[in-house]
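To find a chain, count down the sequence lines: A is the first, B the second, and so on, and within it residues start at 1.
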Number of protein chains: 2
Amino acid sequence: MAGKGRLTQRDIARLAGVSQATVSLVLNDAKAAAGRIPAETRERVHKAIRDTGYVADPIARRMAKGLNRILGVFTYEPAFPSAQADFFVPFLLGIEERAQALGYDLLLLTGASGPRGQRKIFHENNRLRLADGCVLLGREFDRAELRKLMSSDYPFVAVGRRDPVGGKLAPYVGADYVSATADLVHRARDKGHARLAYIGPETGAESSVDRWKGFVSALGDARLVYQLTEVGGDARAMLSAIRKAKATVAFFTELADAIVVEAAARSQNLSVPGDLSIVVLGSHLRPQLSGTRFTTFSIPREQMAGVATQMLAERIEAGSPGTQVVLRCDPIEGETLGPVPNSKGMK
Amino acid sequence: MAGKGRLTQRDIARLAGVSQATVSLVLNDAKAAAGRIPAETRERVHKAIRDTGYVADPIARRMAKGLNRILGVFTYEPAFPSAQADFFVPFLLGIEERAQALGYDLLLLTGASGPRGQRKIFHENNRLRLADGCVLLGREFDRAELRKLMSSDYPFVAVGRRDPVGGKLAPYVGADYVSATADLVHRARDKGHARLAYIGPETGAESSVDRWKGFVSALGDARLVYQLTEVGGDARAMLSAIRKAKATVAFFTELADAIVVEAAARSQNLSVPGDLSIVVLGSHLRPQLSGTRFTTFSIPREQMAGVATQMLAERIEAGSPGTQVVLRCDPIEGETLGPVPNSKGMK
DNA sequence: CTCAGATGCTAATACGCATTAGCAGCTAAT
DNA sequence: ATTAGCTGCTAATGCGTATTAGCATCTGAG
């Protein structure tokens, strides 16, 4: 393709009887050539372009100009494979929509896998540079790489809050898990719950930390009577531990856990929320997977990605430094948070 | 960014006390420089690269070489927006996986919308050229554009069978809807069904034509007693028309139609498949959306996309012409195809 | 001692475009 | 009649890399 038949501006120039420079000027229209190139010449050039179907080579364009209206999308972690799909797709949708509106194309950075299948931004054949800037996706970031990226002047924006590295904050668009989680805890307390269980980690990814922080901040005189920091455990075991601790409501960071525990409860003739309330702290999985409408909050994933994309475009175009944004998560009423069972009130 | 701090081979050359050409030779290692550049010099260059963190600019690289290990993904039709997401995402997954394995990045062609929001491959600012080749997605293709593409020497592969244009076959990887549909018809006939209904178009996209072709080819002495070529109609109307025609089984090309008709049937106390069998001719929607497990066939979407990507890579790298491939669709037993009701056999 | 051949490297160029300086030719003001 | 200023265009250059031709220098055979 590129090799032989490829038309160049020189070909057009010859056909129109002008110089290559003139063709370029006509193509880039606007200011420079404004009063300078008469309509008649312009038309000759356009005709030659129409006749031949010429299109400018974006590579050469980028080579000459430095920008090519391409945004990179970099995903840490295994990647795309089906299991992760539900996590990434909504973000991708949000990015795609905004990119389209802004006139950018999207480059999915895929090839580069590190040792254990993780990806690395910086590696010998750094593709990132192909794009004018880059959106970073992923639950956990490699901090060393993030620092390196920040010390370069390559424009990027992360989706999801990021802790500062080296005392500096990366530009990001996150979700306010802290408030959203605290809000759910308050709702539970308003319904009389005072013995809470928490199934999820306190540390690790920023998103985990934020949920935990929100949970703790709203505890008040309620008590955490059971905690399990490992997710994906055995449903029956989780359920019996929760029951044994006499927790009346369980908070799950993983929807998957909530689903299996709820199923286990049903199979033991326990009613949810009659005997046990369940709250899910947001989720990346599709709620439809389960028939149950859990009490939770929605993560504005498409919006996060859209805002991040917008910010990235501004970094690129205006050279602005980028900021930190958190978007609120709307509560979802659901039907798994009820009043405390057996409280001294009515049955 | 690109402007100032950017390191170039010239910088490395200066640091290592060699020429730019030498740096390039060292970087591209292998044959040419094999015996020519002594380890000592090579090491000096590598050290300078390590010290500075230099990475070659892929744009310039492509400029000089002609290839950049990027595959384009072009989607006809509105694109990505949520409604279409379930259609495109599985293909994207398949492409992404194969691309990663082959060391390609993915360029999502998005920006360019045609007049009515459709996209055009050929338009003024043809981004396609950024990619070494392109995977084409979409139910319906613009035949004029396809012809144009075929007459160029730009490498591409379509996902989904395509009719020949101008007497020539485009390279594609499709699914064998003909056989899969015929197989389902045979199953229905084996269960005694002789009065069939078909809800779906006979013409239009290749995939529609193929289903219809398979359906007709397997009819035998069964009869098509009702047909509706428009999809997305009113559920009650569809159901009553099917019942009125005394069809015992209805074939749907759209899962969505099947879902609503089945729901309508239930609400009228009709049993599926007790009173009416329902067969769905494959689907791009998630089956989970409905609680019902329909009798249908699976479309090997990820596999199709993967094979197409592989073929594209071969077209690009080896200059092979590309072929036509159809993959088989596995039947899904489901629970909506039963024996004929009220036949002269038992109740 | 000469010269062919190997060795180690560099200068030059191409890739396709954008951009800048500036050259003719012409008009109009002095 | 001179010249300043405009109009319409082009030559030349740069972007960062890959690649080729070829220049020194050295080695060893004759």
Side-chain angles (χ1 to χ4, degrees), chain A residues 1-14 16-45 49 52 54-69 124-130 132, chain B residues 1-45 49 52 54-69 124-127 129-130 132:
Chain A
M1 49 145 275
K4 307 286 302 209
R6 178 110 184 91
L7 285 168
T8 72
Q9 288 188 349
R10 207 183 336 271
D11 299 315
I12 303 301
R14 199 176 325 113
V18 296
S19 72
Q20 175 266 322
T22 303
V23 175
S24 176
L25 288 178
V26 169
L27 277 178
N28 295 278
D29 222 24
K31 320 93 212 22
R36 312 296 310 238
I37 294 179
E40 198 270 327
T41 305
R42 227 196 297 270
E43 182 44 37
R44 282 212 318 281
V45 173
I49 291 177
T52 56
Y54 164 86
V55 282
D57 181 344
I59 291 282
R61 209 168 182 126
R62 154 89 203 216
M63 183 80 194
K65 282 229 295 208
L67 294 182
N68 55 193
R69 296 204 83 76
E124 203 189 348
N125 197 23
N126 191 348
R127 271 81 164 239
L128 223 52
R129 309 237 42 134
L130 254 172
D132 295 335
Chain B
M1 51 145 274
K4 306 286 302 203
R6 179 110 185 90
L7 285 168
T8 73
Q9 288 188 350
R10 212 187 325 277
D11 299 317
I12 303 302
R14 197 174 327 112
L15 287 174
V18 295
S19 71
Q20 174 267 322
T22 303
V23 175
S24 177
L25 288 177
V26 169
L27 277 178
N28 295 278
D29 224 21
K31 320 100 199 36
R36 313 296 311 242
I37 295 177
E40 198 271 327
T41 305
R42 226 197 298 270
E43 182 45 37
R44 281 211 320 280
V45 172
I49 291 177
T52 57
Y54 163 86
V55 281
D57 181 343
I59 291 280
R61 208 163 184 136
R62 151 88 204 227
M63 181 81 194
K65 280 230 292 210
L67 294 184
N68 57 191
R69 297 202 84 77
E124 201 190 349
N125 198 21
N126 192 346
R127 283 50 185 255
R129 310 238 42 138
L130 237 178
D132 296 331

For M63(B) and dC15(C), give me the distance from atom CE to atom C1', rounded to whole Å. 4 Å
S24(B) side chain near dA18(D) phosphate (N/O to OP1/OP2, under 4.0 Å): yes
Taking only residues two or more places apart in sequence, or in another chain, which ones meet R14(B) in a salt bridge (charged side-chain N to carboxylate O under 4.0 Å, His left out)? D11(B)
Could you please name the option among dC9(D), dA18(D), dG16(D) that lies closest to any side-chain atom of R61(B)? dA18(D)
Axis-to-axis angle between the two ends of the helix from dC1(C)-dG30(D) to dT30(C)-dA1(D) (five base pairs per end, rounded to 10 degrees): 70°
Between R10(A) and V23(A), is a side-chain contact (heavy atoms from CB on, under 4.5 Å) present by the stated rule, with each step listed? CA-CA 8 Å; R10(A) 207 183 336 271; V23(A) 175; over 6 Å; no
Sequence neighbours excluded, which residues qualify as side chain to side chain contact (heavy atoms under 4.5 Å, CB included) partners of T41(B)? V18(B), T22(B), I37(B), P38(B), R44(B)
In this structure, how many angstroms lie between the C1' atom of dG16(C) and the CG atom of L27(A), rounded? 12 Å
Rounded to the nearest Å, what distance is computed from the CD1 atom of residue I12(B) to the P atom of nucleotide dG16(D)? 13 Å
Determine, stepwise, if the pair M63(B) / D57(B) fulfils side-chain contact (heavy atoms from CB on, under 4.5 Å). CA-CA 10 Å; M63(B) 181 81 194; D57(B) 181 343; over 6 Å; no
Residue whose closest nucleotide on DNA chain C lies nearer the 5' end, K65(A) versus E40(B): E40(B)
Quick one: list whatever passes side chain to side chain contact (heavy atoms under 4.5 Å, CB included) with A21(B), sequence neighbours left out. S19(B)
Side chains of Q20(A) and T8(A), heavy atoms from C-beta outward: is any pair under 4.5 Å? no
Do L27(B) and I49(B) come within less than 4.5 Å of each other through their side chains, counting heavy atoms only? yes
Between dC15(D) (P) and D11(B) (CG): distance, integer Å: 11 Å
Please check the phosphate of dC17(C) (OP1 and OP2 only) for any side-chain N or O of Y54(A) closer than 4.0 Å. yes
Residue pair Y54(B) / I12(B): nearest heavy atoms and the distance that separates them: CB-CD1, 3.6 Å
Should R62(B) be listed as having a side-chain N or O under 4.0 Å from OP1 or OP2 of dT17(D)? no
Under 3.5 Å, N/O pairs linking protein and nucleotides 10-14 of chain C:
from	atom 1	to	atom 2	distance (Å)
dT10(C)	OP1	S19(B)	N	3.4
dT10(C)	OP2	S19(B)	N	2.8
dT10(C)	OP2	S19(B)	OG	2.9
dT10(C)	OP2	T22(B)	OG1	2.5

What residues, two or more places apart in sequence or in another chain, satisfy side chain to side chain donor-acceptor pair (under 3.5 Å) together with T52(B)? none
T8(A) vs dC15(C): side-chain N/O to OP1/OP2 distance below 4.0 Å: no
Rounding to an integer number of Å, can you tell me how far Q9(B) CD sits from dT19(D) P? 11 Å
Give the rounded distance in Å between these two atoms: CZ of R42(B) and P of dC9(C). 10 Å
Tell me: CG of N28(B) to P of dT19(D), nearest whole Å? 6 Å
